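Below is one structure, written out as structure tokens; the observations come after it.
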Amino acid sequence: MAGVWRCILAMMLLMCVCLWDHSEAVGGAVSRKRIKAPVYKKPKITPIDVAPSPQHIDINRMTGVWYLLNVASKCSYLMNHGTRAEPTHIEITCPLACDKTLFVSTKTRFNHQCWEIQQVYQLTPTTGRLTLKGPHPHLNTDIVIADTDYNSYAIMYYQKLGKMTMKLYVRSVDDLSEPVLTKFEQLAEKQELGLAYLFPFPTYSHCASVDQDHVLSKLNKNFNKI
């Protein structure tokens with residue numbers, strides 16, 4: 001009789017173990033949290049608001065050399081090193097006709113040497129608006145030529161990831177206009193870029209040429225197809 005009870009007890013224990021294993025497998029599958037891949041949320045970016053609206057821009061007349069005179073920005077680098085800004089100028093050229101792209105060469109000093117940054121600005125259907133493409137669409141830089149007379153000054157807006165930078169360029173560093181500086185400051189103020197965020201750039205000792213080793217190309221992938 002004792003042997004029979006031992007057999008019954010053993011069978012009951014075996015059934016309990018099987019049921020426990022089954023419930024663990026099912027329960028584990030149901031309760032286990034699946035690891036989901038992070039979903040990228042595109043940042044909400046407000047388009048550049050230039051008030052008044054930008055004038056009709058003749059891109060062909062924007063070509064040539066422009067000297068950087070002043071920058072309005074909350075860029076952390078400028079906030080920390082703005083007093084050590086180096087003389088900088090750009091040269092704008094067009095491939096054949098200025099209907100799709102602009103080539104922009106920026107020359108500046110770094111570690112007492114002259115460097116050149118080469119970029120391609122894409123024209124958009126809206127006059128005065130351009131795009132500098134980044135590695136991903138959300139890293140594009142939107143550019144607006146807000147105000148210019150082509151012969152003496154140009155005020156340009158740059159926006160990336162919702163952050164705004166304004167730049168004042170002049171054709172000649174020998175003919176600086178006080179009214180233009182005042183206009184730039186007033187437009188910067190409208191973008192909440194007051195005097196604390198204005199950084200003047202040197203008007204002397206610009207780079208005339210650079211060594212080939214110091215040319216940094218940031219050209220669009222389709223550059224060779226243009």
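These numbers come from a predicted model, not from an experiment. What's counted below: heavy atoms across the whole structure, side chains too, no hydrogens, waters or symmetry copies.
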Hey, mind stepping through L132 and I143 against side chain to side chain contact (heavy atoms under 4.5 Å, CB included) and telling me if it holds?
CA-CA 8 Å; L132 174 60; I143 304 164; 4.1 Å; yes
Give me the atom names and distance for the closest heavy-atom approach of A188 to A72.
CB-CB, 3.8 Å
Decide side chain to side chain contact (heavy atoms under 4.5 Å, CB included) for Y158 and M166; before the verdict, give the C-alpha distance in whole Å, the side-chain angles of both, and the deciding distance to 0.1 Å.
CA-CA 6 Å; Y158 299 76; M166 296 174 58; over 6 Å; no
How long is the span from the CG atom in L181 to the CG atom in L69, to the nearest 0.5 Å?
5.5 Å
E116 and T106, any side-chain heavy atoms less than 4.5 Å apart
no
I need the L130 CG to M62 CE distance, nearest 0.5 Å.
8.5 Å
Is the charged tip of R109 near the ring of W115: under 6.0 Å from the six-membered ring centre and within 45° of its axis?
no
The single option from T108, V104, L68 that satisfies side-chain contact (heavy atoms from CB on, under 4.5 Å) with I90 is V104
Measure from the side-chain N and O atoms of T124 to the backbone N and O of R129, and report whether any donor-acceptor pair falls under 3.5 Å.
yes
T141 side chain to K160 main-chain N or O, any donor-acceptor pair under 3.5 Å?
no
For the residue pair I92 and F103, establish whether any side-chain heavy-atom pair is separated by less than 4.5 Å.
no
For residues S205 and P87, report the shortest heavy-atom separation together with the two atoms involved.
O-CG, 3.3 Å
Just by modelled atom types, is the K133 backbone N or O under 3.5 Å from a matching donor or acceptor in the T131 side chain?
no
Mind checking whether Y197 and T165 have side chains closer than 4.5 Å, heavy atoms only?
no
Evaluation steps, side-chain hydrogen bond (donor to acceptor under 3.5 Å, both in side chains), between Y169 and N70
CA-CA 7 Å; Y169 289 99; N70 214 327; over 6 Å; no
Where K183 and I155 come nearest, the two heavy atoms and their spacing
CD-CD1, 4.1 Å
At what distance, to the nearest 0.5 angstrom, does CH2 of W66 lie from CE of M156?
9.0 Å
With side chains defined as the heavy atoms from C-beta onward, is the minimum distance between K100 and L123 less than 4.5 Å?
no
May I ask you to decide if N60's main-chain N or O and D58's side chain share a donor-acceptor pair within less than 3.5 Å?
yes
Residues which pass side-chain hydrogen bond (donor to acceptor under 3.5 Å, both in side chains) with N151, listed by chain and number, not counting sequence neighbours:
none
Verify side chain to side chain contact (heavy atoms under 4.5 Å, CB included) between Y67 and V65, making sure each step is shown before the conclusion.
CA-CA 7 Å; Y67 297 92; V65 176; 3.9 Å; yes
Looking only at heavy atoms, the pair that brings P200 and A85 closest together is O-CB, 4.1 Å
Would you check if V71 and L78 make a side-chain contact, meaning some heavy-atom pair closer than 4.5 Å?
yes
Taking the side chain from D149 and the backbone from Y153, do they hold a donor-acceptor pair closer than 3.5 Å?
yes
Q118 and S105: side-chain hydrogen bond (donor to acceptor under 3.5 Å, both in side chains), yes or no, with the steps?
CA-CA 5 Å; Q118 297 176 347; S105 167; 5.5 Å; no
Check step by step if side chain to side chain contact (heavy atoms under 4.5 Å, CB included) holds for V173 and Y204.
CA-CA 8 Å; V173 294; Y204 55 86; over 6 Å; no
In the single-linkage hydrophobic clustering (I, L, V, M, F, W, Y; side-chain heavy atoms under 4.5 Å), do L195 and L193 co-cluster?
yes
Residue pair F199 / S73: nearest heavy atoms and the distance that separates them
CE1-O, 3.4 Å
Approximate separation, where rounding is to 0.5 Å, of L102 CG and E91 CD:
12.5 Å
Flag yes if more than 12 heavy atoms outside K74 fall under 6.0 Å of its NZ atom; otherwise flag no.
yes
Are any of the side-chain heavy atoms of I117 and Q119 separated by less than 4.5 Å?
yes
If we ignore hydrogens and angles and just use 3.5 Å, is the side chain of T88 paired with the main-chain N or O of E86 as donor and acceptor?
yes
Considering all heavy atoms of both residues, which atom of A208 and which atom of K107 are nearest to each other, and what is their separation?
O-NZ, 3.4 Å
Within the structure provided, determine whether T63 and T93 are in side-chain contact (heavy-atom separation under 4.5 Å).
no
Value for SG (C207) from NE2 (H89), rounded to nearest 0.5 Å, stands at 7.0 Å
